[in-house]
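These notes are about the structure you will find just below.
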Amino acid sequence: MQTPHEPQWSTAVPSPRLRRDLAGPWHSEAACRRDEAGLFFAPSQEPTAARLSREAAAKSVCARCPVLLECREHALLQPEPYGVWGGLTAAERRVVLGRRRRRQSAEAA
Ligand code: SF4
């Protein structure tokens with residue numbers, strides 16, 4: 001069985017943006033390997049309450065995942081535009097990326 005995130009690694013054409021150092025076996029240890037794939041990605045036209053509930057359930061899986069940090073960094077570096085990765089929603093990842101960009105800009109100034 002594949003994880004919700006595994007197809008992008010193992011069955012799709014590899015992304016040219018995929019960093020080799022994060023293309024390792026971490027996804028084989030993913031806690032989400034044992035969960036429903038639908039938990040991590042929104043179905044079309046998902047009501048807000050259902051989305052919040054689904055995302056909370058996905059994050060609870062991430063919280064016990066041994067590769068949370070690797071997964072999160074992968075999602076930030078790609079960047080992955082959809083779904084819960086590394087315990088963060090797409091909106092939360094955008095916030096993290098914005099903070100990183102501002103910090104890098106400040107350090108470069
Ligand atoms: S951190 Fe979450 S999304 Fe990432 S591999 Fe683990 S369970 Fe799956």
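None of these values were measured; they are calculated from a predicted model. Numbering starts at 1 and runs along the sequence shown. Numbering of ligands and ligand atoms starts at 1, following listing order.
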What closest approach, in Å, do Leu68 and Cys62 show between heavy atoms, and which atom pair accounts for it?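 Closest approach of Leu68 to Cys62, heavy atoms only: CD1-O, 3.1 Å.
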Please tell me if the side chains of Trp26 and His74 come closer than 4.5 Å, counting only heavy atoms from C-beta onward.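 In short, these two side chains touch, coming nearer than 4.5 Å.
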By number and element, which atoms of ligand 1 are closer than 4.0 Å to a non-hydrogen atom of [X]?
| X | answer |
| --- | --- |
| Val84 | 3 (S) |
| Leu68 | 1 (S) |
| Gly86 | 1 (S), 3 (S), 4 (Fe) |
| Cys32 | 5 (S), 7 (S), 8 (Fe) |

Is there any salt bridge (charged side-chain N to carboxylate O under 4.0 Å, His left out) pair reaching into residues 48-60, and which pairs are they, with sequence neighbours excluded?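 As it turns out, the salt bridge (charged side-chain N to carboxylate O under 4.0 Å, His left out) pairs with a partner in residues 48-60, which skip direct neighbours, are Glu46-Arg54, Arg51-Glu55, Lys59-Glu92.
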Flag yes if Val61 and Tyr82 sit in one hydrophobic cluster, no otherwise; membership is Ile, Leu, Val, Met, Phe, Trp, Tyr, and two members link when side-chain heavy atoms are under 4.5 Å apart.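 Yes, one cluster joins them.
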Considering only distance and modelled atom types, tabulate donor-acceptor pairs under 3.5 Å from the side chains of residues 95-102, sequence neighbours left out.
residue : atom : partner : partner atom : Å
Arg100  : NH1  : Glu73   : OE2          : 2.9
Arg100  : NH2  : Glu73   : OE1          : 2.8
Arg100  : NH2  : Glu73   : OE2          : 3.4

2.8 Å cut-off met by an N, O or S atom of Cys65 to atom 4 (Fe) of ligand 1: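 So Cys65 does not bind atom 4 (Fe) of ligand 1 by this criterion.
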Looking at atom 2 (Fe) of ligand 1, is one of the N, O or S atoms of Cys62 less than 2.8 Å from it?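 Within the cut-off used here (under 2.8 Å), Cys62 does place an N, O or S atom near atom 2 (Fe) of ligand 1.
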